[in-house]
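To start, the structure itself, in structure tokens.
Naming convention: chains lettered A, B, ... in sequence-line order (proteins, then strands); numbering from 1 in each chain. Just so it is clear, the values below take in all heavy atoms, side chains as well, and ignore hydrogens, waters and symmetry mates.
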Protein chains: 2
Amino acid sequence: MEQEDFGRLVGYQLKRVQAVLRAAMDAALREHDLTTPQYICLELLDLRPGLSNADLARDAFVTRQSMNVVLRNLHGAGLVTRPATAPHGRALPLRLTEEGAARLKAARAGMLAVERRLTAHLDARETEVLLAQLSDMAESLSG
Amino acid sequence: MEQEDFGRLVGYQLKRVQAVLRAAMDAALREHDLTTPQYICLELLDLRPGLSNADLARDAFVTRQSMNVVLRNLHGAGLVTRPATAPHGRALPLRLTEEGAARLKAARAGMLAVERRLTAHLDARETEVLLAQLSDMAESLSG
DNA sequence: GAGCCTATGTCAAACTACTGACATGGAGCA
DNA sequence: TGCTCCATGTCAGTAGTTTGACATAGGCTC
């Protein structure tokens, strides 16, 4: 029934948690007509207006091409603005529209609820340790 | 530069680790001409021969439809066998071919190396705690 | 200024994955 | 038996993602 020693791999449990988390986020976002990548994109643009497509791709851990598709949809839905010409280089600074900010605000409550459910059994100190461990794991694999 | 309080969300760090992990696995598997979903599928079939498409989908945390595509590719590559008729119900029990088992064995070493890099900075006790926490997080979100 | 390197945006093709839908086989119950 | 219910396999469509490739803009060195 259980995956014996396979389930004892951190990589496998990470995939499991991420799959459940993604499903929970998608479910919470569905009522706001947003997908998880779209939400992440809106959140990043709210935090740091003027980011370019390439900036967003780096921060969301996806390729420029993937983010470009997400932005095309967001722009088509009227949630973000893209200038027609680049003020410097080729980077096009993106910003939330009023509707984009409103949709983000409405969706954020559901996302925070998911985060609380995720960490429901962890106290503040355990959460700090976990965040540090996850960060170290990412760096030891990429660096 | 950094994501301020956004990076302090466990969900964000999970996504980050999973993205880096997936990239590391893909890189290690590329020399064996396997993708990550294909590898997971082979590993599960090695552990429990005779699993059906739906069984594999559940254990790999994807839909039946997604796993069906993976299996179609694996079958086309001659790494797994599917009976033409179902011995019971509609479930088709799958098994590794000799070549499938050989490819899995060759790829497994690289995967274990990735797992060791992932947990390089954790001792045995910390790893146990982390596994338990990840498991709890998955259950508190899905249950 | 000329040439080289990097970063950026974009196009194309393929893969992975999802939702929605449908038909089929088995089990359980009236 | 006949009916419902559930699990399974499968098809179609859509979204997200990737790799590979290309052209363009700026910064850099010479």
Is there a path of hydrophobic side-chain contacts, each under 4.5 Å between heavy atoms, that joins A:L122 and B:Y12? yes
Check whether any side-chain N or O of [X] sits under 4.0 Å from OP1 or OP2 of [N], and answer yes or no.
{"X": "B:R82", "N": "D:dT10", "value": "yes"}
{"X": "B:H88", "N": "C:dA27", "value": "yes"}
{"X": "A:R58", "N": "C:dT8", "value": "yes"}
{"X": "B:N68", "N": "D:dG9", "value": "no"}
{"X": "B:N73", "N": "C:dT16", "value": "yes"}
{"X": "B:R64", "N": "C:dA21", "value": "no"}
{"X": "A:T63", "N": "D:dT17", "value": "no"}
{"X": "B:S66", "N": "C:dT16", "value": "no"}

Give one of base, sugar-phosphate or nothing for [X], where a contact means two heavy atoms less than 4.0 Å apart.
{"X": "B:D26", "result": "nothing"}
{"X": "A:V62", "result": "sugar-phosphate"}
{"X": "B:S52", "result": "sugar-phosphate"}

B:R22 vs A:P93, nearer the 5' end of DNA chain C by closest nucleotide: A:P93
5'-most by nearest nucleotide on DNA chain C - A:L92 or A:R30: A:L92
Between [Y] and [X], is there a salt bridge with N-O shorter than 4.0 Å?
{"X": "B:D26", "Y": "B:R22", "result": "yes"}
{"X": "B:R108", "Y": "B:E115", "result": "no"}
{"X": "B:R48", "Y": "B:D55", "result": "no"}

Atom [atom1] of [X] to atom [atom2] of [N]: distance rounded to whole Å?
{"X": "A:L56", "N": "C:dG9", "atom1": "CG", "atom2": "P", "value": "9 Å"}
{"X": "A:M67", "N": "C:dT10", "atom1": "CE", "atom2": "P", "value": "14 Å"}
{"X": "B:I40", "N": "C:dT16", "atom1": "CD1", "atom2": "P", "value": "12 Å"}
{"X": "A:L34", "N": "D:dA15", "atom1": "CG", "atom2": "C1'", "value": "14 Å"}
{"X": "A:L51", "N": "C:dA7", "atom1": "CG", "atom2": "P", "value": "17 Å"}
{"X": "B:L71", "N": "D:dG9", "atom1": "CG", "atom2": "P", "value": "9 Å"}
{"X": "B:F61", "N": "C:dC18", "atom1": "CZ", "atom2": "C1'", "value": "17 Å"}
{"X": "B:K15", "N": "D:dT17", "atom1": "NZ", "atom2": "P", "value": "6 Å"}

Could you tell me whether the side chain of B:Q65 has a donor or acceptor atom within less than 3.5 Å of a complementary atom in the base of D:dG13? no
Report yes or no: is there a donor-acceptor pair, N or O only, under 3.5 Å between the side chain of A:R90 and the base of D:dA23? yes
Dump the intermediate steps for side chain to side chain contact (heavy atoms under 4.5 Å, CB included) on A:L51 and A:D59, then the final yes or no. CA-CA 10 Å; A:L51 287 184; A:D59 291 344; 4.1 Å; yes
Assuming nearest nucleotide by heavy-atom distance, tell me which of A:P87 and A:V70 is located more 5' along DNA chain D. A:V70
Could you pick out which residue, A:V69 or B:D55, lies toward the 5' side of DNA chain D when each is mapped onto its nearest nucleotide? B:D55
Rounded to the nearest 0.5 Å, what separation is found between the OG atom of B:S66 and the CG atom of B:L71? 11.0 Å
Of the listed nucleotides C:dT8, D:dC11, C:dT16, the one nearest the side chain of B:R72: D:dC11
